[in-house]
Amino acid sequence: MNIFRLAGDISHLLAIFILLIKIWRSRSCAGISGKSQVLFGMVFLTRYLDLFTSFISVYNTVMKVIFILATLVTIYLVFFKFRATYDSNNDTFRAELLVIPIAGLAVLVNHEFSLFEILWTFSIYLESVSIMPQLYMISKTGEAETITSHYLFALGLYRGLYIVNWVWRYYTEQFYDWIAIVAGVVQTLLYCDFFYLYITKVIKGKEMSLPA
Amino acid sequence: WINRQIKDEL
């Protein structure tokens, strides 16, 4: 554990709770892509199967359980409790076009051909693109509430901080995992456009709107 | 080096 990794995890946790609080307080999931949330649910459920096979630390176990539960609650709020507010007409990204090729890629390109390792690889690849339905939705409607943009910023920052953590670990522990690194870089790059808009608009107190 | 059994990162 190092400071970058810890900051990344806190940023990730913050993102998930910003989204939950936004939905709960406004009693609405307007502007939120349910598809992205389902993809994140799949990411956590396939990656954290090792909860049942290996104990790493209390921190590790608690964080995994929180990520899974909080994401499942978010999915419940979007598709059940506040379903009437879910903007499904604008949540039209074809998520299966991500999931199917990624499942194939995980089977072909992995560290070890075993069930848990392939599922872990699938979750790493899938996480890198899971935000695409949400970004697509924002570009389609041309706007995002300020709180939604805080959510996206925290979520993007998380993987960016993990990259710094990987650089740190490479020099201090000679540890690297190229699957995580490549996918993490792709994931962070997807947010670049958004980061630019966030810094130039949201921080200056303006609503986020994207050029058509 | 990759620890295939235990992955400590989230």
Side-chain angles (χ1 to χ4, degrees), chain A residues 1-2 4-6 8-13 16 43-44 47-51 53-68 110-114 116-121 123-124 127 158-159 161-163 165-166 168-170 173-181 183-184, chain B:
Chain A
M1 177 65 80
N2 57 62
F4 308 111
R5 159 78 203 284
L6 183 65
D9 287 347
I10 290 169
S11 182
H12 196 183
L13 201 59
I16 292 172
V43 164
F44 292 136
R47 187 177 309 167
Y48 298 155
L49 287 171
D50 63 353
L51 272 173
T53 59
S54 54
F55 176 78
I56 295 154
S57 64
V58 173
Y59 173 84
N60 189 278
T61 302
V62 169
M63 292 293 263
K64 284 175 175 172
V65 171
I66 292 175
F67 285 160
I68 292 172
N110 52 59
H111 291 310
E112 187 186 281
F113 199 81
S114 67
F116 271 38
E117 192 61 35
I118 289 170
L119 287 173
W120 177 86
T121 310
S123 91
I124 293 288
E127 182 186 350
Y158 135 69
R159 218 53 175 173
L161 286 163
Y162 255 72
I163 294 175
N165 151 63
W166 291 323
W168 178 266
R169 290 190 73 177
Y170 179 73
E173 304 167 44
Q174 286 72 55
F175 170 92
Y176 68 95
D177 181 332
W178 59 266
I179 286 184
I181 293 169
Chain B
W1 175 80
I2 291 145
N3 189 333
R4 292 190 170 113
Q5 301 305 314
I6 296 172
K7 295 184 191 294
D8 70 305
E9 289 185 347
L10 298 164

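All values derive from a computational prediction rather than experimental measurement. Below, chain A is the first sequence line, B the second, and so on; all start at residue 1.
Heavy atoms closer than 4.5 Å to chain B are found nowhere in A:Phe116, neither backbone nor side chain. Within the 4.5 angstrom heavy-atom criterion, only side-chain atoms of A:Asp9, from C-beta onward, approach chain B. For A:Phe44, no part sits under 4.5 Å from any heavy atom of chain B, backbone or side chain.
Although no hydrogens or angles enter the test, the distance criterion places a donor-acceptor pair under 3.5 Å between the side chain of A:Asn2 and the main chain of A:Arg5. Although no hydrogens or angles enter the test, the distance criterion places a donor-acceptor pair under 3.5 Å between the side chain of A:Asn60 and the main chain of B:Asp8. With A:Tyr158 contributing its side chain and A:Leu13 its backbone, the two residues share no donor-acceptor pair below 3.5 Å.
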query = Going through the checks in order, is the ring-ring contact (aromatic ring centres under 6.0 Å, His included) test met by A:Tyr170 and A:Trp166?
reply = CA-CA 6 Å; A:Tyr170 179 73; A:Trp166 291 323; over 10 Å; no
